[in-house]
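See below for the structure under consideration.
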Amino acid sequence: MHPCTPHAPVLSTARRPHSCRAFAAALVLSLIALILGFTSAPARAASLQEVIGFGSNPGNLQMFRYVPDALPTGRPLVVALHGCTQSAAAYDNETGWTKWAEAWGFALVLPQQKSANNANSCFNWFQSSDFSRGQGEALSIKQMVDKTAADHGTDLSRVYVTGLSAGGAMTSAMAASYPDVFSGAAVVAGIPFDCARSVLAGLSCMDPGSNLSPQQWGDKVRAAYPSYAGPYPTMSVWHGSADGTVKPMNMTEIVEQWTNVHGTDTVADTSDTVQGYPHKVYHDGSGRAVVESYSITGMDHGQPVDPGSGPAQCGVASQYFPDMNICASYRIGQFWGLAAPEGGGSLPAPSGLTVTGTTDTSVSLSWNAVADATSYRVYRGGTQVGTPASPSFTDTGLAPGTTYSYSVAAVDASGAVGASSSTVQAATTGATHRCYTDNNYNQVAAGRAHQSLGYVYANGSNQYMGLYNLYETHTLEETGPGYFVLSDSGCPA
């Protein structure tokens, strides 16, 4: 077989391919672009600047940076990784990260892939020479962190990494290969670390996905830096329940990988909804939230945004940045603690946090007032859910029969947030939602769905489930009598 034929397997891409190998690599990478492709958007951030000379740069990447004016030393740093065919300029403002860099005060680094490395500008998350510690693109990204820390006095205990799709897969790699650099990570529509070591294997990881045990996934992370004995990054995982490009099972596998790394199980300590979407939080042995997941019901491949000027809104809606009325970057930043003005809050932690009442869908709390507090912040599972002016709060819109974790912090007249209280657990009343996994034919026969013109729809929510046959299987969650919703990404939500 001639090595230039499209049937020849291509298991890796070269940094500077030529002749037949270049042709074959381009064919396979074009397939990736069709699967992971995005449409580039123009630059929107006025302060986005390219940085030259940030190290040996073995991955041959470009470095862009957004730094708020007069950013003081000792502030955090976020690294944000774009998807295929995108650029740094197409990922900064669309996701909302520049808004939070200004509002919360941190530096933002946006690595950019070159077409010379990958024909479709995907980060090479499927090549060990690029995802391994001390090599290729992973080392180039780490050098960008070092450069920014040297230039702006970054707090090296508060460095974080996130990315979408191929950038999400590379985020998994950075968190695994450099746990001593990153305190937190967030993978959006991405893939577990070391799922693939070739293009073809990478396509299989995307669809249908790779099902390993939590121990097997965790071992891959531990093998990335075998001598490391320190803490691992916390992990926030986001995925659309209708993602047809990177299948939703990848969210489950990432959660399994990182709960195992943190020495906890895959049973969520908190299961709730945030702005209507299923949210789960996993705590380590000390009670610290170390992994969380968001399943964005009905969303295809992309990162959810919520355009607007509200305090929790962000982003520019476009293809692969759908307006889902939830801002992923805001919630991720909250999970990492970026919104807290460290050093400015001197108020003590509120004492006496108590659960005063529960219903099927609400939890009521009270605590002792803090002198000089003008308001309070209430956190559920580490995510802010309320800002009451008085020392009491009722959290609504919860799921029946579910346990939640709460803490409270006081806010002074300048807006500085003080120390957080100890957490309390609260369980809503009522029965937990029931879940049913079966093929579409049986779901209809059981009265949980109905068919029309050969297609199946969930009863109540009327969500599309595919063809009426024995070969398509879904999980339905009964959220009310006779009302069913798709819950393929985890049930009960």
Side-chain angles (χ1 to χ4, degrees), residues 36-48 63-68 76-113 121-123 141 144 159-172 174 182 184-190 235-240 243 245-246 274-275 277 292 294 296 299-336 338-339:
L36 281 178
F38 297 98
T39 301
S40 296
R44 299 180 188 273
S47 297
L48 188 66
M63 176 183 176
F64 290 84
R65 190 163 65 189
Y66 184 101
V67 180
L77 167 63
V78 172
V79 177
L81 299 163
H82 63 75
C84 293
T85 76
Q86 284 188 323
S87 64
Y91 194 67
D92 57 352
N93 210 41
E94 284 76 0
T95 55
W97 280 115
T98 52
K99 175 178 179 176
W100 308 126
E102 290 285 350
W104 298 338
F106 61 83
L108 181 64
V109 167
L110 297 120
Q112 181 168 295
Q113 182 60 284
S121 299
C122 310
F123 291 105
I141 295 169
M144 296 180 196
V159 179
Y160 307 91
V161 61
T162 184
L164 167 64
S165 192
M170 199 66 186
T171 294
S172 292
M174 296 307 299
F182 299 102
V187 175
V188 184
M235 177 63 71
S236 181
V237 190
W238 292 68
H239 220 107
D243 193 332
T245 300
V246 178
V274 177
Q275 293 179 233
Y277 297 109
E292 70 168 355
Y294 282 84
I296 308 303
M299 188 180 78
D300 201 344
H301 195 58
Q303 176 161 329
V305 297
D306 184 15
S309 58
Q313 290 184 287
C314 79
V316 178
S318 61
Q319 188 178 24
Y320 304 109
F321 298 104
D323 181 356
M324 302 300 294
N325 298 313
I326 186 170
C327 168
S329 58
Y330 173 80
R331 297 290 170 181
I332 292 166
Q334 289 283 333
F335 183 65
W336 290 340
L338 289 176

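As the structure is a prediction and not an experimental result, all values here were calculated from the model. Atom set for the values below is all heavy atoms of this structure, side chains included, hydrogens, waters and symmetry mates excluded.
Judged by distance alone, the side chain of His301 and the main-chain N or O of Ser165 form no donor-acceptor pair under 3.5 Å. Here the side chain of Tyr294 pairs no donor or acceptor atom with the backbone of Val274 at under 3.5 angstrom. With hydrogens and angles ignored, the 3.5 Å screen pairs no side-chain donor or acceptor of Asn93 with any backbone N or O of Thr95. Proximity of a side-chain donor or acceptor of His82 to a complementary backbone N or O of Gln113 within less than 3.5 Å is detected.
When side chains are defined from C-beta on, Ile332 counts as touching Trp238, because their heavy atoms get closer than 4.5 Å. The shortest distance between side-chain heavy atoms of Val79 and Pro111 falls below 4.5 Å. His239 is listed as a side-chain neighbour of Val246, based on a closest heavy-atom distance under 4.5 Å. Between Tyr277 and Met299, the closest side-chain pair of non-hydrogen atoms is not below 4.5 Å. Side-chain contact check for Phe64 versus Asp92: every heavy-atom pair is 4.5 Å or farther apart.
Counted by atom type alone, Gln303 and Tyr91 present one or more donor-acceptor pairs between their side chains at under 3.5 Å.
Across all their heavy atoms, Ala312 and Cys327 have their closest contact at O-CB, 3.4 Å. Between Leu81 and Thr171, the shortest heavy-atom distance links the atoms CD1-OG1, 3.6 Å. Nearest heavy atoms, Ala80 versus Leu108: CB-CD1, 4.2 Å. What you find for Gly310 and Lys99 is that their closest heavy atoms are O-NZ, 3.2 Å.
Note that CE of Met235 and OG of Ser172 are 5.0 Å apart. Values are rounded to the nearest 0.5 Å. Expressed to the nearest 0.5 Å, how far CG of Asp306 lies from CD of Gln313 amounts to 4.5 Å. Rounding to the nearest 0.5 angstrom, the gap separating the CD atom in Gln86 from the CD atom in Glu94 is 8.0 Å. Atom CD of residue Glu292 and atom CZ of residue Arg331 lie 9.5 Å apart, to the nearest 0.5 angstrom. In this structure, CG on Leu338 lies 10.5 Å from OG on Ser329, to the nearest 0.5 angstrom. The distance from the OH atom of Tyr66 to the OG1 atom of Thr98 is 5.5 Å, given to the nearest 0.5 Å.
For Tyr160, the ring pair (Phe, Tyr, Trp, His ring centres under 6.0 Å) partners two or more places apart in sequence, or in a different chain, are Trp336.
Ring planes of Trp104 and Trp100: parallel class, angle under 30° (limits at 30 and 60°).
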